[in-house]
Amino acid sequence: WKLSQISNEVEEGQEEAPTLQVVAKIEMPLLDSIKGVEVDISDRKISVLKPGVYELDLPLPYAVDADSVQAKWLKKHRILQVTMTRAVDL
């Protein structure tokens, strides 16, 4: 199994001005919990590291606002879901 099995989705928000969301769903079937997993988000990259188990550097299709990141561990499916807001060019 490779960590590169990732799906990215782009969704439009429901606010006055549309906000585009970038959602990365990262399957991690060898983990029972997210304990010890390091997640780092930069402008156009997401990095996930669980020493000795998983290492991922994923380029993002859009620049994202690193301050808007929300991560959620979906324990039942063993998926790390990371939701980011697409950066807006002014």
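Side chains are part of it too, since the values below use all heavy atoms of this structure and drop only hydrogens, waters and symmetry mates. As the structure is a computational prediction, the values presented were derived from the model and not from experiment.
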Item checked: Donor-acceptor pair, side chain of T85 and main chain of D65, under 3.5 angstrom -> no
Notebook entry, point to check: I26, V39: one ILVMFWY side-chain cluster at the under-4.5 Å cut-off?
Noted result: yes
Next item on the list: Report whether L74 and V53 are members of the same hydrophobic cluster (ILVMFWY, side-chain heavy atoms less than 4.5 Å apart, transitive linking).
Entry: no
Checklist line | Flag if over 12 foreign heavy atoms under 6.0 Å of CD, Q70 | finding: no
Note to self: Quick check: is I79 connected to I41 through a chain of hydrophobic side chains (ILVMFWY, heavy atoms under 4.5 Å apart)?
What the structure shows: no
Notebook entry, point to check: Hey, is D32 close enough to R78 for a salt bridge, meaning N to O under 4.0 Å?
Noted result: yes
Notebook entry, point to check: Rounded to the nearest 0.5 Å, how far apart are CE of M28 and CD1 of I34?
Noted result: 5.5 Å
Check: Taking atom CE of M84 and atom CD of Q21, what is their separation to the nearest 0.5 Å?
Finding: 9.0 Å
Check: What's the shortest heavy-atom distance between W73 and S33, and which atoms?
Finding: NE1-CA, 3.8 Å
Next item on the list: Measure from the side-chain N and O atoms of K50 to the backbone N and O of K35, and report whether any donor-acceptor pair falls under 3.5 Å.
Entry: yes
Check: So V82 and V69, side-chain contact (heavy atoms from CB on, under 4.5 Å) or not? Walk me through it.
Finding: CA-CA 7 Å; V82 182; V69 176; 3.8 Å; yes
Margin query: Any donor-acceptor pair under 3.5 Å linking the side-chain atoms of D57 with those of S47?
Written below: yes
Item checked: Single-linkage hydrophobic cluster, 4.5 Å side-chain cutoff, L49 and L31 together -> no
Check: Are Y54 and V48 close enough, and set up right, to give a side-chain contact (heavy atoms from CB on, under 4.5 Å), and what steps lead you there?
Finding: CA-CA 7 Å; Y54 294 116; V48 179; 5.6 Å; no
Item checked: Donor-acceptor under 3.5 Å (R44 side chain, P61 main chain) -> yes
Check: Looking at G36 and P51, what are the two nearest heavy atoms and their distance?
Finding: O-CD, 3.9 Å
